[in-house]
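Everything on this sheet refers to the single structure shown next.
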Amino acid sequence: MILITGATGALGQQTIKHLLKSKDAKKITVLVRNENKAQTFLDQGINVKIGSYEDINSLEQAMQGIDQLLLIPSPSGTIFSENKNVIDTAKKYGVKHILYTSLLVKDIDKSPLKALLQQHLETEIYAKESGIPYTILKNTMYADAIPLFVGNDILENGVYLHAADGKVPFALRRELGEAAANALLDEKHLNKEYELTASEYYTYADVADALSELSGKQVPFYAETTVEEYENHLRKKGVHEGELFAISGFVTDKRNAVFQLLSNNLEHLLGRKPLSLKESLREIYNF
């Protein structure tokens, strides 16, 4: 029996989609906060538990009879304390394998989001020291997040942000979900850590070029944008200050090479090369 937390998020849904290709739905349990979002899982025959990372009682109810745990962290600012609750409960109820989806980062001292990124690293350490067999998947930045940073009106307004020539090996969330499913289905991945990235680096200039090719319309790249100009640009679009700090921070991370790590592990877990940036953008923007 596999328990998947954060199941209503895009990564959780993609992982479940691939698990169902080879695993009976009755062998999958999901933990969801909102009962209104549970129906789609019930319709597929998946077991549903209502609860949260802060509610120990709900975690205990969800963890009974579970063999494997896919821990997808929440987007909150208290990631480590929440993850600790989940891991402690998993250990209490004899879970035999924890797979944690982390972030692939380096030089986090350069990041304005250091406090957030550090919590992922702390969770990795805690999971490994729990005594439970583990798999750590360190995911690169989602290609699907590109519209979050540049907007859906990119063809009209171009790529406007302060990432400069920062390189990122963007990967599609659905391929990272497929990799997570494959890692759950094969015991050879126990006690392993994988850095999951595309097969090559891309810049936001590459994003502009790829979208120009796909659309047949020249998409400009504004390379000299400052942090202040970008944040004011987001404010004009109605982005709230709390979200603005995180969005701008991740762009700064790209400029500072915090995501500049490359690996062939995603190709290994998928059994094929992940989609290129151009093919990912074709899917994301529905060309």
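Quick note: residue numbers are just sequence positions, from 1.
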Inset, instruction - Please examine the side chains of T226 and H162, heavy atoms only from C-beta on, and report whether any two atoms are closer than 4.5 Å. - result: no

Legend entry - Distance in Å, S248 OG paired with Y230 OH, rounded so as to fall on 0.5 Å steps: 7.0 Å

Cut-off 3.5 Å, no hydrogens considered: what does the side-chain donor-acceptor table look like for residues 66-74, sequence neighbours left out?
from: D67; atom 1: OD1; to: K96; atom 2: NZ; distance (Å): 3.2
from: D67; atom 1: OD2; to: M1; atom 2: N; distance (Å): 2.8
from: Q68; atom 1: NE2; to: H97; atom 2: ND1; distance (Å): 2.9
from: Q68; atom 1: NE2; to: L184; atom 2: O; distance (Å): 2.8
from: S74; atom 1: OG; to: S76; atom 2: N; distance (Å): 3.3
from: S74; atom 1: OG; to: S76; atom 2: OG; distance (Å): 3.0
from: S74; atom 1: OG; to: E82; atom 2: OE1; distance (Å): 2.5

Inset, instruction - Kindly say whether S81 contributes a backbone atom to a donor-acceptor pair with the side chain of T78 at under 3.5 angstrom? - result: no

Legend entry - E122 and K84: CA distance, side-chain angles, deciding distance, salt bridge (Lys or Arg N to Asp or Glu O under 4.0 Å) verdict: CA-CA 9 Å; E122 290 171 354; K84 182 178 181 297; over 6 Å; no

Legend entry - Separation of I146 CD1 from S280 OG (nearest 0.5 Å): 7.5 Å

Legend entry - A179 versus L270, closest heavy-atom pair with distance: N-CD2, 4.0 Å

Legend entry - Worked check of side chain to side chain contact (heavy atoms under 4.5 Å, CB included) between N34 and I50: CA-CA 7 Å; N34 189 336; I50 308 300; over 6 Å; no

Inset, instruction - Check for a donor-acceptor pair, side chain of D107 on one end and backbone N or O of D109 on the other, with a separation under 3.5 Å. - result: no

Legend entry - Residue pair K192, Y194: steps toward the side chain to side chain contact (heavy atoms under 4.5 Å, CB included) verdict: CA-CA 7 Å; K192 300 284 182 65; Y194 296 114; 3.7 Å; yes

Legend entry - Note, L104 side chain near N139 side chain (heavy atom, < 4.5 Å): no

Legend entry - Short side-chain to backbone donor-acceptor contact, T89 and N85, under 3.5 Å: yes

Inset, instruction - Could you tell me whether the side chain of L137 reaches within less than 4.5 Å of the side chain of Y100, counting heavy atoms only? - result: no

Inset, instruction - Over all heavy atoms of both residues, which pair between L275 and R174 is shortest? Give the atoms and the distance, please. - result: CD1-NH2, 3.5 Å

Legend entry - Side chain Q119, main chain F80, donor-acceptor under 3.5 Å: yes

Inset, instruction - Determine whether Y285 and F170 fall in the same hydrophobic cluster, where Ile, Leu, Val, Met, Phe, Trp and Tyr are linked whenever their side-chain heavy atoms lie under 4.5 Å apart. - result: yes

Inset, instruction - Classify the side-chain pair D88/Y126 by whether it contains a donor and acceptor separated by less than 3.5 Å. - result: yes

Legend entry - Residue pair D43 / T40, side-chain donor-acceptor N/O under 3.5 Å: no

Legend entry - Minimum-distance pair of heavy atoms, taken over all atoms of L3 and A62: CD2-O, 4.0 Å

Inset, instruction - Check whether any side-chain heavy atom of F41 lies under 4.5 Å from a side-chain heavy atom of V32, and answer yes or no. - result: yes

Legend entry - Greater than 12 external heavy atoms within 6.0 Å of E35's CD: no

Inset, instruction - Report yes or no: does Q13 contribute a side-chain atom to a donor-acceptor pair with the main-chain N or O of T8 at less than 3.5 Å? - result: yes

Inset, instruction - Following the transitive rule for hydrophobic clusters with a side-chain heavy-atom cut-off under 4.5 Å over Ile, Leu, Val, Met, Phe, Trp and Tyr, establish whether Y142 and I154 coincide in one cluster. - result: no

Legend entry - Expected output: side-chain T140 to main-chain L196 donor-acceptor under 3.5 Å: no

Inset, instruction - Rounded to the nearest 0.5 Å, what's the gap from CD1 on I87 to OG on S130? Could you check? - result: 6.5 Å

Inset, instruction - Please check if I247 and V207 belong to a single hydrophobic cluster, counting links between Ile, Leu, Val, Met, Phe, Trp and Tyr side chain heavy atoms closer than 4.5 Å. - result: yes

Inset, instruction - Quick one: pull up CG in D206 and CD in E200 and give me the separation to the nearest 0.5 Å. - result: 8.0 Å

Legend entry - K92 side, atom NZ; L59 side, atom CG - distance, nearest 0.5 Å: 10.5 Å

Legend entry - Test item: P274 and L172 side chains (from C-beta on) under 4.5 Å apart, heavy atoms: no

Legend entry - Derivation of the salt bridge (Lys or Arg N to Asp or Glu O under 4.0 Å) call for K273 and E279: CA-CA 12 Å; K273 281 189 175 295; E279 291 307 310; over 6 Å; no

For residues 254-262, tabulate all N or O donor-acceptor pairs below 3.5 Å that involve a side-chain atom, not counting sequence neighbours.
from: K254; atom 1: NZ; to: Y204; atom 2: OH; distance (Å): 2.6
from: N256; atom 1: ND2; to: K110; atom 2: O; distance (Å): 3.2

Inset, instruction - Kindly compute the distance separating CG (L277) from OH (Y201), expressed to the nearest 0.5 Å. - result: 15.0 Å

Can I get a per-line list of side-chain donor-acceptor pairs under 3.5 Å for residues 19-31, giving both atom names and the distance, sequence neighbours left out?
from: K21; atom 1: NZ; to: H18; atom 2: ND1; distance (Å): 3.4
from: D24; atom 1: OD1; to: K26; atom 2: N; distance (Å): 2.8

Inset, instruction - Would you kindly confirm whether I136 and L266 end up in one hydrophobic cluster when ILVMFWY residues are joined by side chain heavy atoms under 4.5 Å apart? - result: no

Legend entry - Intermediate values then yes/no, side chain to side chain contact (heavy atoms under 4.5 Å, CB included), F250 and L113: CA-CA 7 Å; F250 277 123; L113 303 175; 3.8 Å; yes

Inset, instruction - Could you tell me whether a side-chain N or O of E60 sits under 3.5 Å from a main-chain N or O of N57, the two making a donor and an acceptor? - result: no

Legend entry - Heavy-atom side-chain proximity of L176 to L11 below 4.5 angstrom: yes

Inset, instruction - Could you state whether I2 and I98 fall into the same hydrophobic cluster, counting links through intermediate Ile, Leu, Val, Met, Phe, Trp or Tyr residues with side-chain heavy atoms under 4.5 angstrom apart? - result: no

Inset, instruction - Grab the two heavy atoms, one from A171 and one from D144, that are nearest each other, plus how far apart they are. - result: O-OD1, 4.0 Å

Inset, instruction - Decide, yes or no, whether a salt bridge links K138 with E195 under the criterion of side-chain N to carboxylate O below 4.0 Å. - result: no

Inset, instruction - Decide whether T203 and D165 meet the rule of one side-chain donor and one side-chain acceptor closer than 3.5 Å. - result: no

Legend entry - SB check R272 E175 (cutoff 4.0 Å): yes

Inset, instruction - Please check if the side chain of D55 supplies one atom and the backbone of G51 the other of a donor-acceptor pair under 3.5 Å. - result: no

Legend entry - Side-chain heavy atoms of L281 within contact of F287, under 4.5 Å: no

Inset, instruction - Can you see which heavy atom on G158 is nearest to which on Y222, and at what distance? - result: CA-CE1, 4.3 Å

Legend entry - Neighbour count above 12 (heavy atom, 6.0 Å) for E156 CD: yes

Legend entry - Donor-acceptor under 3.5 Å (N83 side chain, T123 main chain): no

Inset, instruction - Side-chain contact test, heavy atoms from C-beta onward, threshold under 4.5 Å: evaluate it for R235 versus E241 and give yes or no. - result: yes

Legend entry - Distance-minimising heavy-atom pair for T15 and A180: OG1-CB, 3.9 Å

Legend entry - Within 6.0 angstrom of K37 NZ, more than 12 heavy atoms from elsewhere: no

Legend entry - Electrostatic pair E178-K17, nearest N-O below 4.0 angstrom: no

Inset, instruction - For the pair T135 (side chain) and H189 (backbone), establish whether a donor and an acceptor sit closer than 3.5 Å, ignoring hydrogens and angles. - result: yes

Inset, instruction - May I have the step-by-step check of side chain to side chain contact (heavy atoms under 4.5 Å, CB included) for T225 and L161, ending in yes or no? - result: CA-CA 6 Å; T225 308; L161 75 179; 5.8 Å; no

Inset, instruction - Run the numbers on S111 and D253 for side chain to side chain donor-acceptor pair (under 3.5 Å), then give the verdict. - result: CA-CA 6 Å; S111 174; D253 286 344; 2.7 Å; yes

